[in-house]
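Remember, it's a predicted structure, so these values are computed and weren't measured experimentally. The first residue of the sequence shown is numbered 1, and numbering continues consecutively from there.
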Amino acid sequence: MDYTVGQVAALANVTVRTLHHYDEIGLLSPSGRTPAGYRTYGEADLDQLHRVLAYKELGFPLEEIAAIVSDPDTDTMGHLRKQRDLLLSKVERLRGMVVAVDRELESRRMGVTLTPEERFEVFGDWEPVPGYGEEAERRWGQTEQWRQAQDRMGSFDKEDFARMQTAQAEWVRELLAAVDEGSAADGERAMDLAERHRQLIGLLYDCSPAQHVGITRMYVSEPEQLNFLVSPDLQRPGLGAFICAAAQANAKRMGE
C-alpha cells in the first residue's frame, strides 16, 4: 500500500513540512508515484521513517542519523536491536538521575552538604535547583534538634546516607501497604510503623514519643511537609492523619 505525504504525516505525528525537509536533505524520499504523478511512500519508506524518528528521539542530529540509516551493513533487525540498546541505556541514565535528584533533595532537607563528586557522579553536569533546605533552617535552625542533626550528619558518609534513604523507602512501602489493606491507625501494625519512623528521626536527633507526635501533626496541619516523607504521587487521602494517629497511639503505648 502506498501513502500520500499527508497520510504519512498523520501516521507518524509529524508535519508535512518535516517530511518535505527530510526529502530535501536526502534523509527520506518518497519512492512511488501515483498515476497523476504525485509522490507516495511505500512500506520500506515507512520503515526508514520509523528509524529516523527513533534515532531523533534518542537525541541524534539529522546528519548523524543519515549516516546511521544509510549503513548497508545494518538491516531492520539490526537497527531495532541498536535502538533497543540505546533506549535501555537512556532508561538507566534517567533512573540514575532520579536517584541523584532524590539524594540532593534529601540532603538539602536534612542540611547535609554533598561533595561535588557525589552530586555529579551519576548525572553529569545537570544540577537540580538549589534552595530546598533554607525554609527548614529558617524555622528550626535555632533548636537543639537542628544542632544535633548537623553534628550527627557531619559524621555520615555517602554509604550512611544511602542506607537512610533505603530504610525510609522501605518504611514508606510498608506504610502504604498498611493503609491500603485497611489497618487501624491505633493498631499494632500502625504503632510499630510509627515507632520505626521515630527511630529513623532518631538517627538525626533525639526524638521522644511526645515530640514525634508533634512532628507528625505537621503532616495534617501543613500537608506540604508530608511531601518530604512520602512522594505526592504515592500519597493516599488521609495519609497524614493516619501517621499522626499512629504516632499518638504509639506514644500512649510507651507511656507518654
Side-chain angles (χ1 to χ4, degrees), residues 95 98-112 132-153 155-256:
R95 286 175 177 165
V98 170
V99 171
V101 171
D102 284 345
R103 180 189 299 172
E104 182 81 359
L105 283 168
E106 188 69 6
S107 69
R108 289 181 181 278
R109 183 178 74 84
M110 295 179 174
V112 178
Y132 292 102
E134 283 81 351
E135 175 63 13
E137 184 173 7
R138 184 187 68 79
R139 294 180 64 175
W140 300 296
Q142 302 305 313
T143 65
E144 176 61 27
Q145 289 82 1
W146 181 270
R147 286 190 287 272
Q148 285 183 7
Q150 298 306 299
D151 290 342
R152 294 180 187 180
M153 293 294 269
S155 64
F156 284 8
D157 58 22
K158 183 170 59 176
E159 287 70 27
D160 293 328
F161 190 71
R163 280 192 290 271
M164 287 181 63
Q165 286 187 306
T166 299
Q168 178 169 314
E170 176 62 19
W171 180 84
V172 168
R173 187 189 66 79
E174 294 185 28
L175 169 71
L176 297 178
V179 171
D180 291 344
E181 292 166 17
S183 297
D186 58 353
E188 289 291 327
R189 184 180 184 183
M191 287 190 289
D192 289 344
L193 283 166
E195 177 59 20
R196 282 173 56 191
H197 182 237
R198 186 179 75 87
Q199 291 173 4
L200 284 172
I201 295 174
L203 295 173
L204 301 176
Y205 55 83
D206 298 339
C207 180
S208 69
Q211 289 173 323
H212 185 227
V213 170
I215 292 171
T216 60
R217 281 178 179 152
M218 288 194 303
Y219 301 150
V220 179
S221 61
E222 302 177 52
E224 65 274 10
Q225 296 295 330
L226 184 60
N227 296 341
F228 291 113
L229 185 64
V230 182
S231 174
D233 61 303
L234 296 178
Q235 292 178 22
R236 277 61 163 165
L239 183 61
F242 181 92
I243 297 172
C244 183
Q248 292 174 330
N250 183 57
K252 184 177 181 180
R253 179 176 64 171
M254 300 183 71
E256 292 192 19

- [ ] Taking the side chain as every heavy atom from C-beta outward, state whether Leu229 and Trp171 have any atom pair closer than 4.5 Å.
- [x] yes
Task: Close side-chain approach of Val220 to Leu226, heavy-atom, < 4.5 Å - done: no
TODO: Would you mind listing every side-chain hydrogen bond (donor to acceptor under 3.5 Å, both in side chains) that reaches into residues 234-243, with sequence neighbours excluded?
DONE: Asp180-Arg236, Asn227-Gln235
Considering all heavy atoms of both residues, which atom of [X] and which atom of [Y] are nearest to each other, and what is their separation?
X	Y	value
Phe242	Ala190	CZ-CB, 3.8 Å
Met191	Asn250	O-OD1, 3.6 Å
Ala167	Leu200	CB-CD2, 3.8 Å
Leu193	Leu175	CD1-CA, 3.9 Å

Task: side-chain hydrogen bond (donor to acceptor under 3.5 Å, both in side chains) against Arg217, all qualifying residues, sequence neighbours excluded - done: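 With sequence neighbours excluded, Arg217 shows a side-chain hydrogen bond (donor to acceptor under 3.5 Å, both in side chains) to no residue whatsoever.
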Open item on the list: Checking Glu174 against Arg189 for the salt bridge (Lys or Arg N to Asp or Glu O under 4.0 Å) test, could you report, in this order, the C-alpha distance in whole Å, the side-chain angles of both residues, the deciding distance, and whether it holds?
Closed with: CA-CA 10 Å; Glu174 294 185 28; Arg189 184 180 184 183; over 6 Å; no
Open item on the list: Taking Asp206's backbone N and O only, do any of them form a donor-acceptor pair with Gln148's side chain (distance below 3.5 Å, no angle check)?
Closed with: yes
TODO: State whether the side chain of Ser208 and the backbone N or O of Gln211 hold a donor-acceptor pair below 3.5 Å, judged by distance alone.
DONE: yes
TODO: Using side-chain hydrogen bond (donor to acceptor under 3.5 Å, both in side chains) as the criterion, point out the one residue from Gln248, Arg198, Gln199, His197 that pairs with His212.
DONE: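 Considering Gln248, Arg198, Gln199, His197, a side-chain hydrogen bond (donor to acceptor under 3.5 Å, both in side chains) with His212 is found only for His197.
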- [ ] Evaluate the side-chain contact (heavy atoms from CB on, under 4.5 Å) criterion for residues Leu176 and Leu239: first the C-alpha distance (whole Å), next the side-chain angles of each, then the deciding distance (0.1 Å), finally the verdict.
- [x] CA-CA 8 Å; Leu176 297 178; Leu239 183 61; 4.1 Å; yes
Task: Spacing of CD1 belonging to Ile201 relative to CD belonging to Gln168, to within rounding of 0.5 Å - done: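 The distance works out to 9.5 Å.
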Open item on the list: Whether Asp192 and Arg253 form a salt bridge (side-chain N of Lys/Arg under 4.0 Å from carboxylate O of Asp/Glu) is what I want to check.
Closed with: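 Here Arg253 pairs with Asp192 in a salt bridge, since their nearest N and O are under 4.0 Å apart.
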